[in-house]
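Here's the structure, in C-alpha cells; my notes come after.
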Amino acid sequence: GHTVVADLAKDDIPQSAFEGVTILIHMAASLPGDTRDPNGEKTAEIAQRVARAAKLTGVKRVIHLSSIAARIAETDAASARDYGLQKLEAERVLEKTLDQTQNVTLRPPLIYGRNAKGSFATLCALVARGMPLPLGAAKQGRCYLSLSNLASLMKAIVGASNRKWRAADGLKFEPHDGAAITTHDLALMLANAMDIAPRTFWAPPILLKSLGSLTGKRDQMNALFES
C-alpha cells in the first residue's frame, strides 16, 4: 500500500493514487461550518476529481459516504440546507461520471464516536462544561450512527459477493443505529454518562434559529429541530 496526500478541493488526484485499487470508499467532503468553505461548495468539486481519477484508473466499485441531508435535499429542495444540496450534487456527479462502475451510496445520519467532530463534539463539550442548554423544545427524534457500526457496515460491503454487489449497484441506503433520539434526550444521556447534572431549559425554536443565522451557524441550529 501507499499514501498520497492532496488537497482534493483544489488539486487533481494523481493516477498513481488509485493504481491497483478495485474498491474505492469516497468520504471526502467539506464539513458543515468549516470556515474555509462555510456552504460546502467544494464537496461536488471534490467528488468530480475523485470520479475522474477512479474512471481513468479503472476502479471497479465505489462506496460513497453521503449524508441523510442529501435525501432531504432531494425530496424538499426548498427547505434543504446548503450542506445537503452539495452532498446531493456530489452523488449525481459520481453517478454520471462513473456510469460503468458499480456504485453504492450510504446516506447516514450524524455519525458519532471517540474524537467525533462537528455538532456532536460541540454538544459534548457544552454538556461537559455544565452549561444550561436551550434544548427544551428540541423534541424531534433523530437517528444516529456509531462509528463502529459504520466501520462494520463498510467491511461487510467491501467483502460482499459479486451477486450482492450487482443487486446493490446504484442503490442508496440510510443506515442508522435503530432508535430515534431527541437532541434534548441525547444531552441528558451525555450528562448522565459524564456524571454531570443535566441543565436544559426551554427557548423558542424561532429565536434559536435566528441566532444561528446571525452567528453563521444556521444549518447546525436548524438541525436541532429536524427529525
Side-chain angles (χ1 to χ4, degrees), residues 8 18 21-32 37 39-55 58-113 116 118-120 140-181 219-220 222-223 226-227:
L8 300 182
F18 292 161
V21 173
T22 56
I23 299 179
L24 170 67
I25 301 176
H26 174 51
M27 298 187 290
S30 293
L31 293 174
D37 185 23
N39 295 323
E41 295 174 352
K42 296 180 180 178
T43 295
E45 295 178 30
I46 291 171
Q48 183 66 73
R49 289 188 173 91
V50 170
R52 282 200 302 263
K55 187 171 185 176
V59 173
K60 301 299 182 184
R61 293 170 174 170
V62 172
I63 302 171
H64 178 206
L65 187 65
S66 183
S67 168
I68 191 65
R71 191 253 289 165
I72 297 172
E74 189 174 46
T75 56
D76 187 10
S79 62
R81 291 182 280 152
D82 292 333
Y83 175 71
L85 293 170
Q86 282 296 317
K87 294 296 280 187
L88 179 60
E89 181 61 22
E91 289 183 6
R92 290 170 173 169
V93 164
L94 286 172
E95 291 166 359
K96 181 178 180 180
T97 306
L98 299 175
D99 55 336
Q100 300 300 313
T101 302
Q102 291 181 327
N103 182 28
V104 172
T105 300
L106 301 179
R107 289 175 165 178
L110 186 150
I111 298 169
Y112 66 94
S119 57
F120 184 79
Q140 290 76 13
R142 299 184 65 191
C143 291
Y144 297 86
L145 179 64
S146 72
L147 186 58
S148 60
N149 281 342
L150 175 61
S152 296
L153 175 60
M154 292 283 195
K155 182 178 179 180
I157 297 174
V158 168
S161 65
N162 292 334
R163 178 181 61 81
K164 290 182 177 179
W165 264 98
R166 287 194 297 270
D169 182 25
L171 299 182
K172 298 175 175 64
F173 300 92
E174 298 179 2
H176 55 79
D177 288 341
I181 303 172
D219 283 358
Q220 292 91 323
N222 287 348
E226 292 176 353
S227 58

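Predicted, not measured: the structure shown is a model, and the values here were computed from it. Just so you know, these numbers use all the heavy atoms, side chains as well, and skip hydrogens, waters and symmetry mates.
- In this structure, E174 and L145 have side chains that are not in contact, with every pair of non-hydrogen atoms separated by 4.5 Å or more.
- In this structure, CD1 in I157 is found 11.5 Å from CZ in R61, a value given to the nearest 0.5 Å.
- Looking only at distances, no side-chain donor or acceptor of N103 sits under 3.5 Å from a matching main-chain atom of G170.
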>> Pair V93, E45 - check side chain to side chain contact (heavy atoms under 4.5 Å, CB included), show working.
In response: CA-CA 9 Å; V93 164; E45 295 178 30; over 6 Å; no

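- Note that OG1 of T105 and NZ of K87 are 10.0 Å apart. Values are rounded to the nearest 0.5 Å.
- Note that CG of L106 and CE of M154 are 5.5 Å apart. Values are rounded to the nearest 0.5 Å.
- We find the OG-CD distance between S66 and Q86 to be 11.0 Å, quoted to the nearest 0.5 Å.
- Between R71 and E91 there is no salt bridge, since none of the side-chain N atoms of the basic residue sits less than 4.0 Å from a carboxylate O of the acidic one.
- With a 4.5 Å cut-off on side-chain heavy atoms, L150 and L65 count as touching.
- Under a 4.0 Å N-O distance rule, the pair E74/K172 does not qualify as a salt bridge.
- With values rounded to the nearest 0.5 angstrom, I111 atom CD1 is found 10.0 Å from D177 atom CG.
- A donor-acceptor contact closer than 3.5 angstrom is absent between the side chains of T43 and E89.
- Relative orientation of the Y112 and Y144 rings is perpendicular, given thresholds of 30° and 60° on the angle between their planes.
- How far CD1 of I72 is from OH of Y83: 11.0 Å, rounded to the nearest 0.5 Å.
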